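Please read these numbers as outputs of a predicted model, since none were measured by experiment.
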Amino acid sequence: MSSKIRHFEDDGWAVWIDGDEKSTVYFNEWINPSGRNYVDVGIRMYGAQKASEVNVYIPFDVTSNEIEDLSPNLTDETILRGLFNNRCSVNDFGEKGIFEVTYGRHILNIIKFTELSFNVSKLSFGAKLTINLFEIQEKITGKELYVIFRVPHKSMDRIFERKKEMHSPVNKIHEAITSPMVTEKYGYAIRINEARLLPPEISNIETLHQQNLRKALISISIDENYELNDFNCYKIRHLETQLYDGYAPQGFDCNSAINYQWVEERDADMKAHFNFYFDISRSTVSKKSLTLYFLIVLASSLVGNTIYGLLSKLFGTLFG
């Protein structure tokens, strides 16, 4: 027999840009079942000079202090090679709010949004991040704008929480004896621009429903001891430690992490939402069961030796 731990979370995100209706969204999950979890959110805008404001609905409470602008990391060409899978060159203008990355024939302007006017507002559920792009319009050198940030993934933290249940000592011993295997099963869904999961303050925004999401790319990095369903997985690889050690969140072990990647791209019906679902599982032997079995064997050995000693003395007295 085995005991089972099951948890499920369903996150509804929203991304919309005022002035630019086409964009690509990136979610990079750093899953750490024994510690804190984080998610990086990247947005690529294709009509850079038309974009006036970028908005992201975050489906859990965050404060401005918890939102980390990752753009300073992207001045490192090693990290850029890991993120964009290309040899990149960085042109830092030394100016407020923006710098340029080139690779191949692409020119990408990356936004340092913490040096611009941005706002984090608390909603009835979750929070909204708004970044004002007016300040950088004259500095844009390419057709594309890119913004990327990291937040503690609080809904993912909830998945891995161990709920303490009150059991009597007898029940705890019974569970340890009858359940030597512990099977952990977790489900997680990422839904983007799906109205049914958004609070009224977000679902009533007309600009949101006019968005043309061109592509969604989901990346999950997790310890190799955990299994993910890799159905429709675009790419699976070990995380390249030399590229990500300076980029991964504090406490995340890149050495034993496997990265899974899903991508969905559309040439038509771009207003539709995106929906990704993942299974995460692991089976382990219960430490409580191992300890109990060891104690039982030890106790049985001690009792057996004691009985053997007493019987030896008894027979020695009777027949010696």
Side-chain angles (χ1 to χ4, degrees), residues 15 17 19-30 39-52 54 56 68-113 115-116 131 133 136-150 192 211-221 232-248 254 257-268 270 274 276:
V15 175
I17 298 103
D20 179 20
E21 295 181 356
K22 292 184 179 180
S23 60
T24 290
V25 291
Y26 305 83
F27 287 85
N28 188 9
E29 300 277 358
W30 301 95
V39 56
D40 303 345
V41 181
I43 303 149
R44 194 169 196 154
M45 295 158 269
Y46 296 99
Q49 297 179 353
K50 296 180 180 179
S52 59
V54 57
V56 182
E68 180 185 357
D69 181 3
L70 292 176
S71 64
N73 299 72
L74 272 59
T75 57
D76 185 324
E77 293 182 2
T78 300
I79 293 173
L80 281 171
R81 182 156 54 94
L83 291 179
F84 293 102
N85 195 26
N86 274 282
R87 182 181 179 275
C88 302
S89 299
V90 178
N91 302 311
D92 194 336
F93 303 144
E95 297 180 7
K96 179 181 178 182
I98 193 170
F99 62 95
E100 182 184 85
V101 168
T102 59
Y103 61 95
R105 297 181 180 179
H106 290 273
I107 298 176
L108 182 66
N109 290 138
I110 297 180
I111 304 168
K112 300 178 180 179
F113 75 86
E115 297 183 17
L116 302 176
I131 304 168
L133 304 179
I136 61 167
Q137 282 296 324
E138 295 181 355
K139 303 174 186 177
I140 296 173
T141 58
K143 295 181 180 179
E144 299 179 9
L145 275 177
Y146 188 76
V147 60
I148 184 169
F149 63 91
R150 175 177 294 160
I192 306 167
Q211 292 297 295
N212 290 319
L213 292 183
R214 181 174 176 179
K215 180 168 65 174
L217 191 147
I218 310 296
S219 181
I220 293 181
S221 297
N232 287 335
C233 192
Y234 168 68
K235 188 182 294 183
I236 304 173
R237 71 183 195 279
H238 266 288
L239 207 60
E240 300 89 351
T241 304
Q242 72 276 14
L243 300 180
Y244 289 96
D245 252 354
Y247 178 79
C254 292
I258 292 180
N259 180 270
Y260 301 79
Q261 196 170 87
W262 291 259
V263 64
E264 188 174 343
E265 189 167 5
R266 296 171 181 169
D267 295 323
M270 288 189 289
F274 289 89
F276 298 85

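Between R266 and L213, the closest side-chain pair of non-hydrogen atoms is not below 4.5 Å. F276 has its side chain out of reach of V263: every pair of non-hydrogen atoms, C-beta onward, lies at least 4.5 Å apart. Taking the side chain as every heavy atom from C-beta outward, V56 and F149 approach each other to under 4.5 Å. Side-chain atoms of R81 and L243, non-hydrogen and from C-beta on, do get closer than 4.5 Å to each other. In this structure, H106 and N86 have side chains that are not in contact, with every pair of non-hydrogen atoms separated by 4.5 Å or more. Counting only heavy atoms from C-beta outward, the side chains of F99 and S71 approach each other to under 4.5 Å.
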Hey, mind stepping through Y26 and I148 against side-chain contact (heavy atoms from CB on, under 4.5 Å) and telling me if it holds?
CA-CA 9 Å; Y26 305 83; I148 184 169; over 6 Å; no
Between N259 and S219, does the side-chain contact (heavy atoms from CB on, under 4.5 Å) criterion hold? Intermediate values first, please.
CA-CA 7 Å; N259 180 270; S219 181; 2.7 Å; yes
Verify side-chain contact (heavy atoms from CB on, under 4.5 Å) between I136 and I111, making sure each step is shown before the conclusion.
CA-CA 9 Å; I136 61 167; I111 304 168; 3.9 Å; yes
Candidate pair I98 and L145, rule side-chain contact (heavy atoms from CB on, under 4.5 Å), full reasoning:
CA-CA 9 Å; I98 193 170; L145 275 177; 4.3 Å; yes
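Checked by atom type and distance alone, the side chain of Y260 never pairs as donor or acceptor with a backbone atom of C233 at under 3.5 Å. Judged by distance alone, the side chain of K139 and the main-chain N or O of K96 form a donor-acceptor pair under 3.5 Å. Proximity of a side-chain donor or acceptor of E100 to a complementary backbone N or O of S89 within less than 3.5 Å is not detected. A donor-acceptor pair under 3.5 Å is formed between the side chain of D69 and the backbone N or O of F113. Judged by distance alone, the side chain of E29 and the main-chain N or O of I218 form no donor-acceptor pair under 3.5 Å.
Of all non-hydrogen atoms in A51 and I17, the two that sit nearest each other are CB-CG2, 3.8 Å. Contact detail for Y247 and L74: the closest heavy-atom pair is CE1-CD1, 4.4 Å. For the pair C254 and T241, the tightest heavy-atom approach, listed with the atom from each and the gap, is O-OG1, 3.8 Å. Residues W262 and N232 share a closest heavy-atom pair of CD1-O, 3.4 Å. Of all heavy-atom pairs spanning G142 and Q49, the tightest one is O-NE2, 4.4 Å. Between S221 and N28, the closest heavy-atom pair is OG-OD1, 4.4 Å.
With sequence neighbours excluded, no residue forms a salt bridge (Lys or Arg N to Asp or Glu O under 4.0 Å) with R87. In this structure D76 satisfies the salt bridge (Lys or Arg N to Asp or Glu O under 4.0 Å) test with no other residue, sequence neighbours excluded.
Among T24, V25, L217, the one residue that satisfies the side-chain contact (heavy atoms from CB on, under 4.5 Å) test with R44 is T24.
The distance from atom CD of E144 to atom CD1 of I110, rounded to the nearest 0.5 Å, is 11.0 Å. Note that OG1 of T141 and CG of L108 are 9.0 Å apart. Values are rounded to the nearest 0.5 Å. Atoms CG and CD1, on N73 and I79 in that order, are 5.0 Å from each other to the nearest 0.5 Å.
In this structure, F84 has its ring center closer than 6.0 angstrom to the ring center of Y146.
Between D40 and W30, the side chains place a donor N or O and an acceptor N or O closer than 3.5 Å (distance only, hydrogens not considered).
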